[in-house]
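Just the heavy atoms: all of them, side chains too, but no hydrogens, waters or symmetry mates, feed the values below. Below, chains carry the letters A, B, ... as their sequence lines are ordered, and counting in each starts from 1.
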There are 2 protein chains.
Amino acid sequence: MSDDIRRNMALFPIGIVMKLTDLTARQIRYYEQNELIHPARTEGKQRLFSFNDVDRLLEIKSLIEKGLNIAGIKQVLLLNEPEPVITEITEKSEQKRKELSDKELHEMLKQQLFNPAASRLGEPSLIRGELSRFFH
Amino acid sequence: MSDDIRRNMALFPIGIVMKLTDLTARQIRYYEQNELIHPARTEGKQRLFSFNDVDRLLEIKSLIEKGLNIAGIKQVLLLNEPEPVITEITEKSEQKRKELSDKELHEMLKQQLFNPAASRLGEPSLIRGELSRFFH
DNA sequence: CAAGGGATGTAAGTATATCTGACATCTTTA
DNA sequence: TAAAGATGTCAGATATACTTACATCCCTTG
């Protein structure tokens, strides 16, 4: 869950993603246009990709190389999606989702991730190494 | 070791780092100027930060909040640095270091990290989830 | 084979993000 | 009070990214 949050933080501009995936900007934008990915945006409308996005792009690339077309890839990606569990609270959670703008979410994530010293002074520095949770 | 590589990949532009650390661009640049951090650069000279850089900035911030000045922080960071082990091969490894431009290194890292399908076709898709190695 | 559609390249023009350098401001300390 | 340290702010330049439109290439299908 918290891991999920980390993997979904919008972090990378398209230039970095190009290097990480060896895809062109054209390709990446085209895949977005076809709804294979849904990167976040900065205030100025620049795309911002998460680890999940990059991961997904790598799978897309691999499928492209296997000869799949967009429609096929879309299917595969859908199959790999964990089914969103339909619960009683569906309405409520949907409500909640709407309440949280991307920006607010990002703020939350940041708090949760980095536990900034600002919040509780006097606490020993737990901050250093906090990022190591990104890795195994 | 490989973990080290991942943590040192130049990934983030300054804008993201600002959000992650709640430091201003001015502060980040000032700390670089005072050699507390050494972010990489793009071809166009834009700063690119690694996880290690961000981690370090978070520690710097925490020390700033404790009232340390730059000189003090530099000392603390030096102390926390694992001593570079002086071995017989010092000359050789120094030589090696010089041979690797940042760009070449980055290429290596990318290969090692993402094991691109392009290299060995026919191999089952190990790619999806590869990035999950970034997390525990 | 010709026509059409899918996937990507490329170019133009604009907008956003970042850079450096200089000067301003505020605080602490000698 | 003067000097030095840390940060804010502004300006002008450069880099990066955006959208839109058109071009190209390769398949597929009639």
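- The nearest whole Å value for the distance from the NZ atom in A/Lys45 to the P atom in D/dT19 is 10 Å.
- For B/Ala25 and A/Ile70, each mapped to the nucleotide of DNA chain C holding its nearest heavy atom, the one lying further toward the 5' end belongs to A/Ile70.
- C/dT20 atom P lies 13 Å from atom CD1 of B/Ile28, rounded to whole Å.
- Proximity of A/Arg26 to the phosphate of D/dA21: no side-chain N or O atom is located under 4.0 Å from OP1 or OP2.
- Using a cut-off of 4.0 Å between Lys/Arg side-chain N and Asp/Glu carboxylate O, B/Arg41 and B/Glu32 are scored as salt-bridged.
- Side-chain atoms of B/Asp55 do not come within 3.5 Å of backbone N or O of B/Asn52 as any donor-acceptor pair.
- Residue B/Arg47 places at least one side-chain N or O closer than 4.0 Å to OP1 or OP2 of C/dC19.
- Summarising the geometry, the separation between CG on A/Asn34 and P on C/dG6 is reported as 9 Å, rounded to the nearest angstrom.
- Rounded to a whole Å, the CD atom of A/Gln33 is 11 Å from the C1' atom of C/dA7.
- Rounded to whole Å, the distance from NZ on B/Lys61 to P on D/dA6 is 17 Å.
- For the pair B/Ser62 (side chain) and B/Leu58 (backbone), a donor-acceptor distance under 3.5 Å is absent.
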task = Could you give me the CA-CA distance, side-chain angles and deciding distance for A/Glu43 and B/Lys19, then say whether salt bridge (charged side-chain N to carboxylate O under 4.0 Å, His left out) is met?
result = CA-CA 13 Å; A/Glu43 292 197 10; B/Lys19 291 185 198 162; over 6 Å; no

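- If B/Asn69 and A/Gln46 are placed on DNA chain D by their nearest nucleotide, the residue sitting closer to the 5' end is B/Asn69.
- Under a 3.5 Å cut-off, the side chain of A/Glu59 and the backbone N or O of A/Arg56 do not form any donor-acceptor pair.
- For the pair B/Thr42 and D/dT16, the criterion of a side-chain N or O lying under 4.0 Å from OP1 or OP2 is met.
- In this structure, CZ of A/Arg41 is placed 8 Å from C1' of D/dC18, rounded to the nearest angstrom.
- Taking atom CD of B/Glu43 as the reference point, atom P of D/dT14 lies 17 Å away to the nearest angstrom.
- Contact check, A/Arg29 against D/dC18: a side-chain N or O comes under 4.0 Å of OP1 or OP2.
- Atom CG of A/Leu48 and atom C1' of C/dA17 are 11 Å apart (whole Å).
- Between B/Tyr30 and A/Gly44, the residue anchored nearer the 5' end of DNA chain D, judged by the nucleotide with its closest heavy atom, is B/Tyr30.
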